[in-house]
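No hydrogens, no waters, no symmetry mates; every other heavy atom, side chains included, goes into these values. This chain uses plain numbering: 1 for the first residue, then up along the sequence. Everything numeric in this text was worked out from a predicted model, so none of it was measured.
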Amino acid sequence: MSDLNSMYLILILTLTLLIAHAVVSSKLEAIDVLLDRFDSQRSSPSVQESAARAVLQRLLPAHVNSFEFKIVPKDVCGGHSCF
């Protein structure tokens, strides 16, 4: 009887892990879809750089010329966002 209970427990734990993995995978896929959608609507690099420069101008006007902004493409960073 103990072996049968152990087998049921292992089966239940295995199914639980499989379901958890499926849920996590589907959530990650949903996040990837959202990120792709946001990427397609992203402003051009020059607009993003101008926006960053404008924020720095407002917050630290004395240091605005100490920085250079450049958008780095994802392929440079192995497909991930980087800066």
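Applying the side chain to side chain contact (heavy atoms under 4.5 Å, CB included) rule to Val33 yields the partners Arg37; only residues at least two apart in sequence or on another chain are considered.
What you find for Cys77 and Val72 is that their closest heavy atoms are SG-CG1, 3.9 Å. Closest approach of Leu56 to Val64, counting heavy atoms only: CD2-CA, 3.7 Å.
Results of the side chain to side chain contact (heavy atoms under 4.5 Å, CB included) test with Ile12 over Thr16, Leu15, Ile10 single out Thr16 as the only residue that passes.
In the hydrophobic clustering of this structure, Leu17 does not group with Leu9; members are Ile, Leu, Val, Met, Phe, Trp, Tyr whose side-chain heavy atoms approach within less than 4.5 Å, directly or through other members. Leu35 and Leu28 sit in two unconnected hydrophobic clusters of ILVMFWY residues. Membership requires side-chain heavy atoms under 4.5 Å apart, directly or through other members. A continuous path of hydrophobic side-chain contacts links Leu60 to Val55 [ILVMFWY only; heavy atoms under 4.5 Å].
Within the structure, side chain to side chain donor-acceptor pair (under 3.5 Å) contacts touching residues 40-57 (residues at least two apart or in different chains) are Asp39-Arg42, Ser44-Ser46.
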